[in-house]
2 protein chains.
Amino acid sequence: MGQKGEETRGRLLDATRDLIETGGYFGTGLNQVVAASGAPRGSLYFHFPGGKDQLVAESVRRAGREIGEVLHALAETAPDAAGLVTGVIRLLGDRLEESGWRKGCPVATVALETAATSDPLHRACSDVYGSWEEALRLRLAADGHPEPDDTAATVLALVEGALLLARAHRSRDPLDRVTRRIAALL
Amino acid sequence: MGQKGEETRGRLLDATRDLIETGGYFGTGLNQVVAASGAPRGSLYFHFPGGKDQLVAESVRRAGREIGEVLHALAETAPDAAGLVTGVIRLLGDRLEESGWRKGCPVATVALETAATSDPLHRACSDVYGSWEEALRLRLAADGHPEPDDTAATVLALVEGALLLARAHRSRDPLDRVTRRIAALL
DNA sequence: TCCTGTTTATAGATCGGTCTACATATTTCC
DNA sequence: GGAAATATGTAGACCGATCTATAAACAGGA
């Protein structure tokens with residue numbers, strides 16, 4: 001495989017991740033991916049023989065892993081569950097605003113577009129959300145929360161919904177409002 | 001304008017609405033719209049000279065109005081805010097499951113895809129979400145809720161997030177979990 | 001020379017959008 | 001009242017651009 005090969009592969013995944021976050025699965029063309037990554041067209045199909053689906057699925061999983069790591073790090077350092085959640089929202093809000101309302105949740109758009117059509121992509125998105133929810137659940141359970149399962153799902157839904165609304169309105173307002181009311185759930 | 005013309009126009013909007021709900025803006029081709037509606041290609045550009053953007057924007061607003069009417073009807077009949085929210089979730093959940101996880105929120109996918117790129121589409125999505133939030137806020141205020149503004153935004157985010165997760169997992173589970181925890185916010 | 005790992009070039013389909021021709025109402029004018 | 005003129009839609013072929021995917025050519029080391 002070689003070092004150069006791995007690097008090209010990584011550049012393709014990073015470029016894909018950036019582009020799908022803004023435009024989703026159908027809104028991102030492989031021409032854009034090739035142009036943004038600097039890799040030649042054929043390399044894409046060498047590294048991802050499964051084509052666009054494989055490329056996007058791996059990008060989704062990679063993005064999910066990255067955010068998952070941030071989540072775990074915050075879960076270690078935050079004083080309580082409320083601090084964890086508000087910390088995540090602030091971090092994601094900063095990223096969203098700095099990117100000009102382009103970068104919200106890297107999974108959401110693809111998840112909605114492919115929910116009913118593509119099995120491998122649907123599975124990738126489902127797995128990522130599952131892992132995030134599990135991270136939340138663990139911290140809630142460790143804190144002795146009475147309903148860790150339902151609350152983890154609810155908090156994840158709340159954060160995803162707030163990110164969606166923030167992008168739709170191009171404003172941090174929904175994130176701020178949700179932050180102010182989150183304590184009622186925890 | 002004529003009766004026939006209005007009917008063709010409506011068929012185009014309905015077909016578009018169905019298709020974008022499943023595949024989003026970029027995932028829906030005008031060929032599909034033309035095929036599904038039965039209208040010829042020329043009629044599309046006669047009724048929607050603004051092209052795809054105008055067609056989709058009007059479809060989003062129409063879908064938003066329809067759900068808004070359901071929301072207002074439920075706000076009149078539900079005994080309290082909790083009943084209103086759980087009623088909405090049950091209704092949307094039924095629709096989602098019956099459609100094979102295709103029909104969640106008719107606005108969400110387009111909102112995410114076009115948040116940073118298309119102004120008219122972004123505005124249409126933003127307006128629809130704003131109208132739904134306002135309907136919630138009015139009912140919360142009428143019930144004497146202490147924080148109607150923040151809570152309306154939070155509840156809307158929660159429902160949208162739960163619909164997103166339900167589609168991602170192809171399961172009602174997130175909707176059920178959120179329903180069980182919603183009382184803590186109201 | 002041959003194989004492995006890349007890269008270029010291109011194929012074939014589909015995209016959104018425009019064009020002209022045609023059918024059907026509706027209005028105008030004698 | 002009835003024909004001519006105008007407005008309102010319908011219909012589908014067609015355009016260049018772009019899409020994903022493949023096939024053929026290329027480089028460098030054993």
Side-chain angles (χ1 to χ4, degrees), chain A residues 1-20 22-60 109-110 113-114 117-122 124, chain B residues 1-20 22-60 109-110 113-114 117-122 124:
Chain A
M1 189 63 68
Q3 191 174 343
K4 174 114 177 272
E6 273 305 325
E7 198 219 311
T8 302
R9 211 185 125 91
R11 280 216 317 276
L12 281 166
L13 284 173
D14 286 341
T16 303
R17 183 219 143 107
D18 265 23
L19 288 164
I20 59 172
T22 303
Y25 178 86
F26 295 113
T28 300
L30 295 186
N31 289 332
Q32 291 174 272
V33 172
V34 162
S37 70
R41 172 154 230 93
S43 299
L44 197 160
Y45 284 93
F46 175 77
H47 292 292
F48 304 93
K52 191 181 185 180
D53 275 28
Q54 184 190 352
L55 175 69
V56 173
E58 287 197 29
S59 291
V60 165
T109 314
V110 176
E113 287 176 304
T114 65
T117 48
S118 165
D119 262 12
L121 280 168
H122 151 252
Chain B
M1 190 62 67
Q3 192 174 343
K4 179 104 175 279
E6 273 306 325
E7 199 220 310
T8 303
R9 212 185 125 89
R11 279 217 318 276
L12 281 165
L13 284 174
D14 287 340
T16 303
R17 184 218 142 105
D18 265 24
L19 288 164
I20 59 172
T22 302
Y25 178 86
F26 294 113
T28 300
L30 295 186
N31 289 331
Q32 292 174 272
V33 172
V34 162
S37 70
R41 203 172 184 71
S43 299
L44 197 161
Y45 282 92
F46 176 79
H47 292 290
F48 304 93
K52 190 181 187 180
D53 275 27
Q54 185 189 352
L55 175 68
V56 173
E58 286 197 30
S59 291
V60 165
T109 314
V110 177
E113 287 175 304
T114 65
T117 49
S118 164
D119 263 13
L121 280 168
H122 152 253

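Letters A, B, ... mirror the listed sequences (proteins, then strands); counts begin at 1. What you see is a predicted model, and the numbers here were worked out from it, not measured in a lab.
Atom CG of Leu44(A) and atom P of dG5(C) are 17 Å apart (whole Å). Distance Phe46(B) CZ to dT24(C) C1': 12 Å, rounded to the nearest Å. Whole-Å rounding puts the Gln32(B) CD to dG16(C) C1' distance at 13 Å. Note: CZ (Arg41(B)) to P (dG16(C)) measures 7 Å, nearest angstrom. One atom, CZ of Phe48(A), and another, C1' of dT20(D), lie 16 Å apart when rounded to the nearest Å. Between the CG atom of Leu30(B) and the C1' atom of dA11(D) there is a distance of 16 Å, rounded to whole Å. Between the CG atom of Asn31(B) and the P atom of dT18(D) there is a distance of 17 Å, rounded to whole Å. Distance Phe26(A) CZ to dC19(D) C1': 12 Å, rounded to the nearest Å.
Thr109(A) approaches Ile20(A) most closely through the heavy-atom pair CB-O, 4.4 Å. Between Tyr25(A) and Val110(A), the closest heavy-atom pair is N-CG2, 4.1 Å.
You'll find the side chain of Tyr45(A) reaches within 4.5 Å of the side chain of Leu30(A), heavy atoms only. In this structure, Asn31(A) and Arg41(A) have side chains that are in contact, with non-hydrogen atoms separated by less than 4.5 Å. Residues Asp18(A) and Thr22(A) have side chains not in contact (no heavy-atom distance under 4.5 Å, counting atoms from C-beta outward). Between Arg9(B) and Glu58(B) there is a side-chain heavy-atom pair separated by less than 4.5 Å.
Nearest-nucleotide positions on DNA chain D for Gly42(B) and Pro49(A) put Gly42(B) closer to the 5' end. The residue among Pro40(B) and Gly50(A) whose nearest nucleotide of DNA chain D is located toward the 5' end is Pro40(B).
Between Ser118(B) atom OG and Asp53(B) atom CG the span is 4.5 Å, to the nearest 0.5 Å. Atoms NE2 and OG1, on His47(B) and Thr8(B) in that order, are 5.0 Å from each other to the nearest 0.5 Å. Expressed to the nearest 0.5 Å, how far CZ of Arg11(A) lies from OG1 of Thr16(A) amounts to 12.0 Å. For the atom pair CD of Glu113(A) and CZ of Phe26(A), the computed distance is 6.0 Å after rounding to the nearest 0.5 Å.
A sub-4.0 Å separation between OP1 or OP2 of dT22(D) and a side-chain N or O of Tyr45(A) is absent. Contact annotation: Ser43(A) side-chain N/O to dT6(C) OP1/OP2 distance is not under 4.0 Å. Phosphate proximity of dT8(D) to His47(B): absent, as no side-chain N or O sits under 4.0 Å from OP1 or OP2.
Overall bending of the helix from dT1(C)-dA30(D) to dC30(C)-dG1(D), expressed as the angle between end axes built from five pairs apiece, is 20° (10° steps).
Under the 3.5 Å distance criterion, the side-chain polar atoms of Arg17(B) are left unmatched by any main-chain donor or acceptor of Ser59(B). Although no hydrogens or angles enter the test, the distance criterion places no donor-acceptor pair under 3.5 Å between the side chain of Thr114(A) and the main chain of Leu121(A).
Interface residues of residues 51-60 of chain A facing DNA chain D, ordered by number: Gly51(A), Lys52(A); criterion, heavy-atom separation under 4.0 Å.
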Just the table, please: protein N/O against nucleotides 28-30 of chain D N/O, every pair under 3.5 Å.
none

